[in-house]
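Notes follow the structure.
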Amino acid sequence: MTRSHRRWHLWLYTAIGPLAAMGLVLGLWSRPTVEPVQPSARAEVPLQTNSVEAKP
Amino acid sequence: MSVTYSAIKWNHNKRVYDAVIVTGVVVYLALFGLISWLTRPAIEAISPEVLAIRALGTCAFLMLHVTLCLGPLARLDRRLLPLVYNRRHLGVATFLMGLAHAVVATGFYHGFGRLNPLVSLLVSNTNYGSLTAFPFEMLGIAALAILFVMAATSHDFWQKNLGPSVWKGMHMLAYPAYALLVWHVALGGLQSERSIVYPAIAALGVSIVVILHLVVGLRERNKDQGTPGTLVSDGSQWIDVGSVDEIVDCRAKVVCLAGHERIAVFRYDGLISAVTNVCAHQRGPLGEGRIVDGCITCPWHGWEYRPDTGVSPPPFNERIATYRVKVSDGRILVDPSPLPPGTPVEPARSEEYSHA
């Protein structure tokens with residue numbers, strides 16, 4: 001590579017590196033949070049709620 | 001090297017290189033499917049289409065990492081130079097994997113409505129002001145468009161017609177494409193992923209690419225600033241660049257003079273010649289190559305030049321700059337002013353002064 005090409009490469013890496021890293025950080029930071037499901041709450045749901053009534 | 005257009009000049013090395021790429025892709029896709037199937041709990045089961053989208057997308061992303069890292073890795077360890085030889089095929093394969101990912105994803109997420117899938121892809125999400133709901137697909141489309149241009153112009157035909165500077169500059173778009181893809185992944189796939197594994201792998205990949213390029217870039221800059229040569233004190237412009245004995249036969253010493261392009265000083269058959277370190281093809285480092293069958297052979301793609309004239313052997317006619325050189329008391333003296341490309345220069349004799 002020529003001297004100017006190497007210099008241009010370095011400038012590009014210096015700019016692209018933080019840009020890519022920022023994208024990753026923002027992406028992870030903006031992830032929607034999901035509330036963990038409580039096992040006890042699930043157990044309190046009456047079984048018949050989800051059951052299908054038998055047709056006459 | 002090519003003087004006329006032909007699709008691909010196949011040889012044994014290229015076939016082996018491409019076979020490794022295809023095998024690697026197949027193995028990766030199979031392993032991705034297998035590991036996802038084995039490790040993902042039943043409650044998080046995903047459809048085969050989504051699995052294919054993820055496998056193709058991560059494969060393309062991984063291949064782009066490898067493609068980008070080959071250059072700096074070869075700068076750090078010359079044993080990796082053969083991997084750079086056919087890097088363009090790896091780049092084209094990366095584009096094809098990205099295209100397959102885009103086609104399957106578009107078909108799966110936009111192919112079952114009233115709108116044309118491509119129209120749906122472009123208009124269905126306009127939340128450009130939101131980070132969480134950002135239409136990350138647009139980032140992927142932009143990156144894919146760049147990769148397409150690079151794949152389409154990867155042939156020597158385009159390189160020859162566009163010129164090395166324009167072609168190389170155009171192919172530097174790989175780096176903006178990489179940044180776009182990192183954003184595409186971060187605002188897309190990682191948003192719905194609860195496991196820490198994917199973010200950790202993505203962060204590791206970005207760190208490797210960025211750190212590797214910065215380290216090598218800074219090292220090269222420091223080399224360019226160095227001045228190992230010393231001006232000969234007799235008032236002439238000759239510069240002492242070292243001893244004849246420092247150079248192994250059929251190899252070169254790369255001389256970095258402040259304010260000048262690098263010079264490759266070759267020793268061969270008891271002779272010393274100096275040429276520019278920049279190959280006319282893709283700016284490869286000629287000084288890291290060696291002399292094969294009487295010709296300087298570029299380590300990147302095998303382009304050849306006569307060391308005393310800087311001209312490629314027939315039927316080729318590429319030319320590189322040469323430098324005046326002489327040997328005095330076992331020391332190599334080089335005139336740092338480049339001669340016009342292809343100018344014949346009488347090689348200096350090294351044997352009578354060498355202590356080897």
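Every chain is numbered from 1 and lettered A, B, ... according to where its sequence line falls, protein lines coming before strand lines.
To the nearest 0.5 Å, atom CG of residue B:L173 and atom CG of residue A:L12 are 9.0 Å apart. Atoms CD and CG, on B:Q191 and A:L28 in that order, are 8.0 Å from each other to the nearest 0.5 Å. For the atom pair CE (B:M172) and CD1 (A:I16), the distance works out to 9.0 Å, reported to the nearest 0.5 Å.
In terms of heavy atoms, B:A179 sits closest to A:A20 at CA-CB, 4.3 Å. When all heavy atoms of A:S30 and B:L187 are compared, the pair lying nearest together is OG-CD2, 4.2 Å. Residues B:S195 and A:R31 come closest through the heavy atom pair O-NH1, 4.1 Å.
Defined by atom type and a distance below 3.5 Å, a donor-acceptor pair is missing between the side-chain atoms of A:T2 and B:E261.
Proximity of a side-chain donor or acceptor of B:W183 to a complementary backbone N or O of A:L19 within less than 3.5 Å is detected.
Proximity to chain A among residues 200-211 of chain B is limited to B:A202, B:A203, B:V206, B:V210, judged by heavy-atom separations below 4.5 angstrom.
Side-chain atoms of B:R221 and A:R7, non-hydrogen and from C-beta on, never get closer than 4.5 Å to each other.
Using a 4.5 Å cut-off between heavy atoms, B:L286 does not touch chain A at all. Using a 4.5 Å cut-off between heavy atoms, B:H260 contacts chain A through its backbone alone, with no side-chain atom that close. Proximity to chain B involves both the backbone and the side chain of A:R3, based on heavy atoms less than 4.5 angstrom apart.
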inquiry  = For B:R262 and A:R6: C-alpha separation, side-chain torsions, deciding distance, then whether side chain to side chain contact (heavy atoms under 4.5 Å, CB included) applies.
reply    = CA-CA 11 Å; B:R262 293 181 181 180; A:R6 279 191 293 275; 3.3 Å; yes
Stepwise side chain to side chain contact (heavy atoms under 4.5 Å, CB included) check, A:H9 with B:E220: CA-CA 10 Å; A:H9 257 218; B:E220 294 294 314; over 6 Å; no
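Contact tally against chain A (heavy-atom pairs below 4.5 Å) for B:L218, B:L131, B:V278: the top residue is B:L131.
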